[in-house]
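Every heavy atom of this structure was used, including side-chain atoms; hydrogens, water molecules and symmetry mates were not.
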Amino acid sequence: MADLWQEAMDHAVAVARKAGEIVRHAVHNDMKVLCKSSSVDLVTKTDQKVEQLIIDSVKEKFPKHGFIGEESVAAGEPCVLSDNPTWIVDPVDGTTNFVHGYPFVAVCIGFAVNKTLEFGVVYSCIEDKMYTARRGKGAFCNGDPLQVSDQKEINQSIIATEFGSNRDPEVVDVIFSNMRKILCLPVHGIRGAGSAAINMCMVASGCVEAYYEIGIHCWDIAAAAVIVEEAGGVLMDFEGGPMDLMSRRIIAANNKTIAERIVNEIKAYPAIRDDAP
Ligand code: LIP
C-alpha cells in the first residue's frame with residue numbers, strides 16, 4: 001500500500017536541507033540577537049526567516065495542513081495539537097550555539113496526524129547530517145540506518161542533558177542536584193550538545209545512552225522523538241509514563257531499563273505546558 005505521508009516527508013527533507021543551507025551561511029553573519037522569555041533565551045532574524053520559508057513552502061504544497069512553529073508561537077499563534085495533519089517546526093534548534101558559532105544547530109520538522117507523530121526530520125546543518133525517520137520504517141542518518149546502544153548498565157553509560165534557559169536559582173539548584181545524582185551513580189560522563197534534537201539523535205545513533213531535560217518545547221523534540229523510537233529507543237515522562245509532547249519534559253533512552261533508572265534518580269520542577277491556555 002502506498003504511504004500516505006511519504007510525499008510530505010520527502011518535502012520535509014527537501015525544505016530542511018534548503019533551510020539548513022541558509023542557517024549554515026548565516027552563522028557568524030547574523031549578529032542581530034533578540035531575547036524571548038529571558039536574557040538567555042535567544043532568537044535571531046535567521047530563526048524567523050527560516051521558519052517563514054518552511055511554513056510558506058509547506059502551505060503551498062499542503063494548504064490544509066496545520067503548523068506549530070517556535071517563532072509563530074512566540075509571535076502569538078496558538079500551540080495546540082489537533083487531529084489535523086500538523087507540521088511541528090523548530091527552524092533553529094540550538095539558537096545559542098548558532099549565535100556563538102558552536103557547531104550543533106539543527107532544523108527540525110516533525111509531522112503528526114491524529115496526534116501521532118508520523119515522521120521526523122532533523123538536519124544538523126553545520127555537520128551536514130540529515131537524520132530522518134518514518135514511523136514503522138526505521139531511522140537513518142544520511143541514509144545509513146541508526147540503532148540505539150544495547151547498554152543496560154547505567155554506570156557504563158553517557159547521559160546527555162542541558163542547563164536550559166531558566167536561571168531561577170531554585171530551578172538551577174534542581175538541575176545541578178539531578179546532574180550530581182546522575183554523575184555519582186557513577187556514569188561514564190554527562191554531555192550536552194546545546195540542541196535537544198541533536199542530543200536525541202545522539203541517543204538514536206548509539207553514542208549516548210539517554211537524554212533528559214525539563215523546559216524544552218514540543219518543537220525541540222517532536223521530530224527527534226520519531227528518530228529515537230525508530231532507532232529502537234524509548235521515550236518516557238519524568239513520572240515513568242509515556243512521553244507527553246506538550247509537557248515540556250522528556251527522557252529519551254536506548255531502553256526501558258536506563259529510562260526507568262533515570263526516572264528513579266531525578267526530580268522534576270514545574271514548567272508551564274506548551275498547550276496551556
Ligand atoms: C533549545 C534546546 C536546548 C535547550 C534549550 C532550548 P532553541 O532550543 O534545544 O537544548 O536546553 O532550553 O529549548 O531555543 O535553541 O530552539
Side-chain angles (χ1 to χ4, degrees), residues 9 12-13 15-17 19-21 23-24 27 50 54 70 87-98 102-112 117-151 157-162 164 188-213 215-236 243 245 249-255 258-259 262:
M9 181 161 169
V13 172
V15 76
R17 194 175 294 285
E21 272 163 33
V23 175
R24 191 162 55 235
V27 175
V50 168
I54 297 171
E70 175 169 16
W87 297 67
I88 305 168
V89 177
D90 187 346
V92 181
D93 185 46
T95 304
T96 305
N97 287 352
F98 170 80
Y102 193 78
F104 300 106
V105 177
V107 177
C108 304
I109 305 179
F111 179 77
L117 289 164
E118 288 290 342
F119 67 74
V121 173
V122 172
Y123 183 39
S124 178
C125 57
I126 299 176
E127 302 178 281
D128 192 22
K129 287 186 175 172
M130 179 68 80
Y131 295 92
T132 56
R134 168 81 182 94
R135 180 153 309 282
K137 296 195 171 169
F140 300 86
C141 177
N142 290 345
D144 295 327
L146 297 176
Q147 178 64 49
V148 293
S149 139
D150 60 7
Q151 185 56 253
S157 301
I158 289 185
I159 307 301
T161 190
E162 298 287 340
H188 276 182
I190 292 189
R191 299 285 184 273
S195 150
I198 294 178
N199 286 327
M200 291 170 73
C201 289
M202 296 289 102
V203 174
S205 305
C207 49
V208 312
E209 274 64 34
Y211 156 72
Y212 72 86
E213 189 173 351
I216 37 83
H217 295 275
C218 58
W219 46 79
D220 298 315
I221 58 171
V226 192
I227 296 168
V228 169
E229 286 196 312
E230 286 301 314
V234 298
L235 304 169
M236 211 176 257
M243 174 199 77
L245 188 62
R249 55 198 206 181
I250 186 171
I251 298 169
N254 60 333
N255 56 45
I258 297 284
I262 293 174

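Note: Ile198 CD1 to Asp220 CG = 11.5 Å, rounded to the nearest 0.5 Å. Separating the CD1 atom in Ile227 from the CD1 atom in Ile221 is a distance of 12.5 Å, to the nearest 0.5 Å. Rounded to the nearest 0.5 Å, atoms CD (Glu229) and CE (Met200) are 8.5 Å apart.
At least one donor-acceptor pair closer than 3.5 Å links the side chain of Asp93 to the backbone N or O of Ala196. Formation of a donor-acceptor pair under 3.5 Å by the Asp90 side chain with backbone atoms of Ala222 is not found in this model. Under the 3.5 Å distance criterion, the side-chain polar atoms of Thr161 are left unmatched by any main-chain donor or acceptor of Tyr211. The backbone N or O of Cys125 sits less than 3.5 Å from a side-chain atom of Arg24, completing a donor-acceptor pair. Checked by atom type and distance alone, the side chain of Glu230 never pairs as donor or acceptor with a backbone atom of Phe140 at under 3.5 Å. Looking at Asn199, its side chain never comes within 3.5 Å of a backbone N or O of Ala160 through a donor-acceptor pair. Judged by distance alone, with hydrogens and angles left aside, the side-chain atoms of Asn254 form no donor-acceptor pair with the main-chain N or O of Val148 at under 3.5 Å.
Looking at Glu70 and Val89, their side chains never come closer than 4.5 Å, going by heavy atoms from C-beta outward. Taking the side chain as every heavy atom from C-beta outward, Tyr212 and Ile159 approach each other to under 4.5 Å. Looking at Asn255 and Val234, their side chains never come closer than 4.5 Å, going by heavy atoms from C-beta outward.
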Take Val121 and Tyr131 through the test side chain to side chain contact (heavy atoms under 4.5 Å, CB included) and record every step on the way to the result. CA-CA 6 Å; Val121 173; Tyr131 295 92; over 6 Å; no

Give the intermediate values and the outcome of side chain to side chain contact (heavy atoms under 4.5 Å, CB included) for residues Tyr123 and Asp128. CA-CA 7 Å; Tyr123 183 39; Asp128 192 22; 2.6 Å; yes

Using the rule given for side chain to side chain donor-acceptor pair (under 3.5 Å), can you reason through Ser157 versus Gln151, listing the C-alpha separation, both sets of side-chain angles and the distance that settles it, and then say yes or no? CA-CA 7 Å; Ser157 301; Gln151 185 56 253; 5.4 Å; no

Give the intermediate values and the outcome of side chain to side chain contact (heavy atoms under 4.5 Å, CB included) for residues Arg17 and Val107. CA-CA 8 Å; Arg17 194 175 294 285; Val107 177; over 6 Å; no

Begin from the C-alpha positions of Ile109 and Ile54 and carry the test side chain to side chain contact (heavy atoms under 4.5 Å, CB included) through to its verdict. CA-CA 9 Å; Ile109 305 179; Ile54 297 171; 4.0 Å; yes

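Residues Met243 and Ile250 approach most closely at SD-CD1, 3.5 Å, considering heavy atoms. Here the closest heavy-atom approach between residue Glu127 and residue Pro103 is recorded as CG-O, 4.0 Å. Between Tyr102 and Ala193, the closest heavy-atom pair is CE2-O, 3.7 Å. Scanning all heavy atoms of the two residues, the minimum distance from Ala253 to Val203 falls at C-CG1, 3.8 Å. In terms of heavy-atom proximity, Cys218 sits nearest to Leu245 at CB-O, 3.5 Å. The shortest non-hydrogen separation linking Ala210 to Ile258 is CB-CG2, 3.9 Å.
Among residues two or more places apart in sequence or in another chain, the salt bridge (Lys or Arg N to Asp or Glu O under 4.0 Å) test is passed with Arg134 by Asp3, Glu118. For Glu21, there are no salt bridge (Lys or Arg N to Asp or Glu O under 4.0 Å) partners at least two apart in sequence or on another chain.
Figure legend: Arg135 and Phe119 shown without cation-pi pairing, the cationic atom not lying both under 6.0 angstrom from the six-membered ring centre and within 45 degrees of its axis.
Classified by interplanar angle (parallel below 30°, tilted 30° to 60°, perpendicular above 60°), the ring pair Trp219/His217 is parallel.
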